[in-house]
Protein chains: 2
Amino acid sequence: MSQLDDARNNFIQGMSRIANFWGLPRAMGAIYGIIYLSNEPVPLNVLVKDAGITKGAVSTNIRILGRMGLIHKYIKVGDRKDYYTAEIDFWLIIKKIMKEREKNEFNHAIKSVGNSIQMLKSADVNDSDPAISSFYIERMKEMKGFFDTLDSLVSAFLAIESLSQGTIKKIFDRNRN
Amino acid sequence: MSQLDDARNNFIQGMSRIANFWGLPRAMGAIYGIIYLSNEPVPLNVLVKDAGITKGAVSTNIRILGRMGLIHKYIKVGDRKDYYTAEIDFWLIIKKIMKEREKNEFNHAIKSVGNSIQMLKSADVNDSDPAISSFYIERMKEMKGFFDTLDSLVSAFLAIESLSQGTIKKIFDRNRN
DNA sequence: TACTTTATTTAGTTTAAACTAAACAAAGTA
DNA sequence: TACTTTGTTTAGTTTAAACTAAATAAAGTA
């Protein structure tokens with residue numbers, strides 16, 4: 001086991017932990033780490049060996065990684081194997097995930113806050129305690145405001161990042177030693 | 001079941017889903033939702049009833065919510081019950097979570113990327129392929145740069161938000177209809 | 001056509017998290 | 001002191017996710 005391998009293993013382990021932190025399978029993090037640290041497209045059988053899981057598990061994990069835009073399928077002509085490369089533009093990954101948030105659970109949940117407000121606003125006045133109703137509306141609006149601001153924030157940054165590759169990084173790099 | 005209750009249930013359900021999305025117990029989201037939508041401190045027995053889980057489960061969930069700064073314990077004199085109130089300043093919650101990130105798993109994992117780079121830099125030159133080593137370093141630095149930038153970004157926003165309450169919200173509200 | 005190689009799907013197993021039920025602890029009250 | 005009320009801890013159960021093993025599919029090759 002060379003020092004290079006040690007560093008690589010350490011990195012891959014870190015990716016596993018990050019995945020785990022985000023509620024994703026540890027193996028998914030490891031797979032991304034392996035592909036990310038390869039200078040050539042990686043076939044499935046290598047992932048099976050290096051991540052230490054079966055074909056089936058690699059297959060399902062890699063499909064999800066692909067959907068999230070973290071990896072890309074790469075096909076070599078005259079070779080039936082599927083190869084995979086890592087997306088290395090992390091801002092692009094975030095952008096893709098944000099774009100697809102319309103469809104996802106998190107967005108749906110956030111929207112339900114807006115729905116709840118609407119439900120209260122259109123509630124029959126005679127049938128509901130106005131003090132409670134207005135308290136609910138106040139609290140819910142507070143939360144909705146926060147989510148909307150967060151959303152604007154992220155959108156703004158991704159827009160800046162689109163204008164000129166690496167803008168944000170440059171701004172902050174100037175302030176670092 | 002009044003329209004008010006419908007809206008409340010809808011909101012609490014939304015909180016459960018958001019919790020679930022972040023890899024937290026659904027019940028934890030529900031508990032926070034219940035407390036958040038109460039204009040007075042909520043005792044444990046109400047949470048048991050409204051969230052539909054046992055005392056034990058409420059007890060453990062509420063401890064974690066407290067650690068995350070999402071709720072606060074509130075003690076009434078001459079009353080042995082513990083009551084709970086919701087922290088409604090979400091920026092403060094983020095700030096607290098960020099401050100405690102030093103101790104947490106995510107930060108540890110991110111640091112491991114920096115460690116891996118160090119391992120490569122201090123690797124015995126004679127004992128390692130320089131092409132692979134420099135490729136590894138390049139990739140790892142790319143990722144570390146991204147994490148550092150993200151970290152700076154979040155810190156900057158929280159600093160702005162600290163300077164004057166609600167600054168960010170105001171900036172974006174101006175741009176909304 | 002039969003055989004190989006590869007990826008996906010499926011059925012069943014393992015594992016870990018979150019819960020319940022119940023014991024326990026703490027602290028007041030009769 | 002015994003009893004009540006409240007919260008926590010613990011042992012065991014349930015559940016859901018992620019995995020393995022094996023069947024299946026797909027597609028090329030002899």
Side-chain angles (χ1 to χ4, degrees), chain A residues 12-13 15-35 40-68 70-85 104-105, chain B residues 12-13 15-35 40-68 70-85 104-105:
Chain A
I12 291 168
Q13 201 183 315
M15 294 298 104
S16 301
R17 298 176 79 159
I18 291 173
N20 185 242
F21 179 82
W22 291 110
L24 301 167
R26 301 176 72 88
M28 194 184 287
I31 290 171
Y32 179 77
I34 291 162
I35 300 173
E40 51 189 27
V42 183
L44 191 137
N45 60 310
V46 170
L47 296 171
V48 168
K49 184 167 59 63
D50 286 12
I53 52 175
T54 59
K55 278 195 304 177
V58 171
S59 180
T60 55
N61 277 305
I62 215 133
R63 193 186 324 134
I64 296 166
L65 281 169
R67 270 211 297 270
M68 298 196 299
L70 278 154
I71 58 154
H72 302 288
K73 194 175 275 199
Y74 178 92
I75 286 149
K76 292 187 182 179
V77 286
D79 188 339
R80 279 191 294 108
K81 280 185 187 170
D82 291 348
Y83 292 82
Y84 300 94
T85 60
N104 82 22
E105 180 62 15
Chain B
I12 291 168
Q13 200 181 316
M15 294 299 103
S16 301
R17 298 177 79 159
I18 290 173
N20 185 241
F21 179 82
W22 290 110
L24 301 167
R26 300 176 72 89
M28 195 184 288
I31 289 171
Y32 180 77
I34 291 161
I35 300 174
E40 51 190 28
V42 184
L44 192 138
N45 61 309
V46 170
L47 296 171
V48 168
K49 184 168 59 64
D50 287 11
I53 52 175
T54 58
K55 278 195 303 176
V58 171
S59 180
T60 55
N61 276 306
I62 216 134
R63 192 184 327 134
I64 297 164
L65 281 170
R67 271 211 295 271
M68 297 196 300
L70 279 153
I71 59 156
H72 303 287
K73 193 174 277 199
Y74 177 92
I75 287 149
K76 292 187 183 178
V77 286
D79 188 339
R80 278 190 296 106
K81 280 185 187 171
D82 291 348
Y83 292 82
Y84 300 94
T85 60
N104 82 20
E105 180 63 15

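Side-chain atoms are counted along with the backbone in the values below, which use heavy atoms only and exclude waters and symmetry mates. So that the names make sense, note that chain A is the first sequence line, chain B the second, and so on, each numbered from 1.
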Once you round it to whole Å, what is the distance between P of dA7(C) and CD1 of Ile53(A)? 14 Å
Which pair of non-hydrogen atoms, one from Thr85(B) and one from Pro41(B), has the smallest distance, and what is that distance? CG2-CG, 3.7 Å
Taking all non-hydrogen atoms of both residues, which atom of Pro43(A) and which atom of Lys81(A) are closest, and how far apart? CB-CD, 3.9 Å
Given the structure, check if the side chain of Arg80(A) and the base of dT5(C) hold any donor-acceptor pair shorter than 3.5 Å. yes
Under the salt bridge (charged side-chain N to carboxylate O under 4.0 Å, His left out) test against Asp82(A), which residue among Lys73(A), Arg63(A), Lys55(A) passes? Lys73(A)
Separation of Asp79(B) atom CG from dT4(D) atom C1', in whole Å? 14 Å
Of all the choices, dT20(D), dT20(C), dT6(C), which nucleotide is nearest to the side chain of Thr54(B) once you look at every atom? dT20(C)
Under 4.0 Å between a side-chain N or O of Arg63(B) and OP1 or OP2 of dT9(D)? yes
Quick one: sort the Trp22(B) and Trp22(A) rings into parallel, tilted or perpendicular, breaks at 30° and 60°. tilted
How close or far is atom C1' of dT20(C) from atom NZ of Lys49(B), stated in whole angstroms? 20 Å
NA contact type, Gly52(B), heavy-atom cut-off 4.0 Å: base, sugar-phosphate, or nothing? sugar-phosphate
note: Lys55(A), atom NZ; dT5(C), atom P; distance rounded to Å ~ 12 Å
If I take atom CZ in residue Arg26(A) and atom C1' in nucleotide dA16(C), what distance separates them, rounded to the nearest angstrom? 12 Å
I need the CG-C1' distance between Leu44(A) and dT6(C), as an integer number of Å. 8 Å
For Ala27(A) and Asn45(B), take the nucleotide of DNA chain D holding the closest heavy atom to each; which residue's nucleotide lies nearer the 5' end? Asn45(B)
Give Lys81(B) one of three labels, base, sugar-phosphate or nothing, depending on what nucleic acid heavy atoms sit under 4.0 Å from its own. sugar-phosphate
